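What follows is a set of notes on a single structure, which appears directly below.
For ligands, and for the atoms within them, numbers begin at 1 and follow the listed sequence. Predicted model only: the values in this text are computed from it and were never measured. Values below: every heavy atom of this structure, side chains too, minus hydrogens, waters and symmetry copies.
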Amino acid sequence: MGNDAYREMWERLNLDISAHDGLLEVLGKFYNDIYLTQQGRLSGMEYLDFVISEVHGLRIKELVEARNSGKKVVGTFCVFVPEELTLAADAIHVGLCAGAEIESREIENIVPRNTCALIKSFVGFTLRRLCPYTQSCDMIVGETTCDGKKKAYENLEDSLPMYVMEVPQKKDGADRSLWRSEIIRYKSALEKLTGNTITAERLKKSIKTVNDKRRALNRLNRLRAAIPTPISGRDVLLANQISFYDDPERFTKSINVLCDEIEKRIDRAEGIAPAGTARLMLSGCPMAVPNWKIPYVIEGSGAVVVGEESCIGTRNTRDLVDESGKTIEEMIDALCDRYLKIDCACFTPNTERTENILSMARNLDVDGVIHYALMFCQPYATEAIKIENMLKKEKIPMLRIETDYSMDDIEQIKTRVGAFVEMLSL
Ligand code: BJ8
């Protein structure tokens, strides 16, 4: 992943070069072990391998060049921030969620020790100057979803150009009005940042661009459900992860090429695992790059992941924005409605999520569900209880895992997942 040609660029972005070199080395090895050693991979995955190999290189160079030409870069931590508006302001939208454990005692100067790994990771990346995306942002959009995130944003205000959107906790009429006004406020913030007016024509185009990206990922999700499974869960997770960084139009094209190849594989009745392999669905917290621990363990235990009910998965792609709006007002309503369908565990009540998990489990014909919550994530760990009870009634086995980004518990998780898969195969 490292490349001397980019060193000057990283220096200009004020990265801690030696720590960053160390990070790239570890990631390169990790990627090789988890991804490149897989058997029967589709050639369409080469594009995604390339993007990952250049995730701190070529893509950052593109951001630097775009900024040099006057464009702005907006970073986000949550799928609630409407990418359509960012693109309509002619800015670049990138996800900043981080999935690697960063060691730094200073993290606890910003957030307490009992904070989830995702938050600690982005705090660590920021404090240690390890993320060229964060360093490239002109505005970073936080949101009032879980308490851990919103309080961390407050404490990062001195080091980052933060802007925080208020996401309601319920979905009644007053909540919709609040969310609609927040979308309008975000539109104004973008116009001020970029100096560009978001016109109806620009917004219509960007709604289509982002919908096309979701359509491509939904197509991939439909195809992966075939029996035998034509693509590994790890590879689909990677596609979802990269969707947060890559240029949206280029990404959509590459996913559709991958899907064309999968269709041919399905026609030949070929799979990456034989028919009869236990089919599992992952549900819960998002898995940001390079958090590949659980899918790696599952697929190493002789099962295959056929769906991710997560924000780096179907929760982010399932619902499209209505494209029929003509005026800005109509399009803002369409954005408002679509984003309020996100069934994040931060909402109360959140019955849609339970219903969506059940219909996904049935449609994918899964043998079991693995619910994944990051340690100290109250919203997802608490919802896991309700989901387990619901699945029990439906006779769908579920395994609950709470973990972080470290490898300390990997052997214990392997044992639990192995036993779960064995039980499903009896
Ligand atoms: S819409 S899931 S991306 S908030 S794991 S930081 S919830 S304590 S990530 Fe999320 Fe938006 Fe919801 Fe999706 Fe908090 Fe839990 Fe940590 Fe989490």
| field | Is_contact(atom 13 (Fe) of ligand 1), protein non-hydrogen, under 4.0 Å | value | yes
| Closest protein heavy atom to atom 2 (S) of ligand 1, given as residue, atom name and distance to 0.1 Å | Tyr380 OH, 3.1 Å
| task | For this output row, return yes or no: ring centroids of Phe30 and Tyr35 closer than 6.0 angstrom. | result | no
| Does a salt bridge link Lys253 with Asp246, judged by any charged N lying under 4.0 Å from a carboxylate O? | no
| By number and element, which atoms of ligand 1 are closer than 4.0 Å to a non-hydrogen atom of Ile119? | 6 (S)
| said: Heavy atoms only, cut-off 4.0 Å: how does Cys285 contact ligand 1, side chain, backbone, both, or neither? | reply: side chain
| What protein heavy atom sits nearest atom 15 (Fe) of ligand 1, and how far away is it? | Cys377 SG, 2.3 Å
| Neighbour count above 12 (heavy atom, 6.0 Å) for Glu249 CD | no
| note | Of all protein heavy atoms, the one nearest atom 10 (Fe) of ligand 1 is Lys149 NZ, 3.7 Å
| said: I'd like to know if atom 16 (Fe) of ligand 1 has an N/O/S atom from Cys116 within less than 2.8 Å of it, counting both backbone and side-chain atoms. | reply: yes
| field | Distance (rounded to the nearest 0.5 Å) between Ile52 CD1 and Arg59 CZ | value | 13.0 Å
| query | Near Lys61 NZ, under 6.0 Å, is it more than 12 heavy atoms from other residues, nucleotides or ligands? | reply | no
| field | Lys151 atom NZ, over 12 foreign heavy atoms within 6.0 Å | value | no
| remark: What lies under 2.8 Å from atom 12 (Fe) of ligand 1, restricted to protein N/O/S atoms, is Cys344 SG
| request: Give the C-alpha distance, both sets of side-chain angles, the deciding distance and a yes or no for salt bridge (charged side-chain N to carboxylate O under 4.0 Å, His left out) between Glu323 and Arg215. | output: CA-CA 13 Å; Glu323 290 180 22; Arg215 282 188 194 100; 2.5 Å; yes
| message | Looking at Arg234 and Glu299, is any side-chain nitrogen of the basic one under 4.0 Å from a carboxylate oxygen of the acidic one? | response | yes
| request: State yes or no: are the ring centers of Tyr163 and Phe77 separated by less than 6.0 Å? | output: no
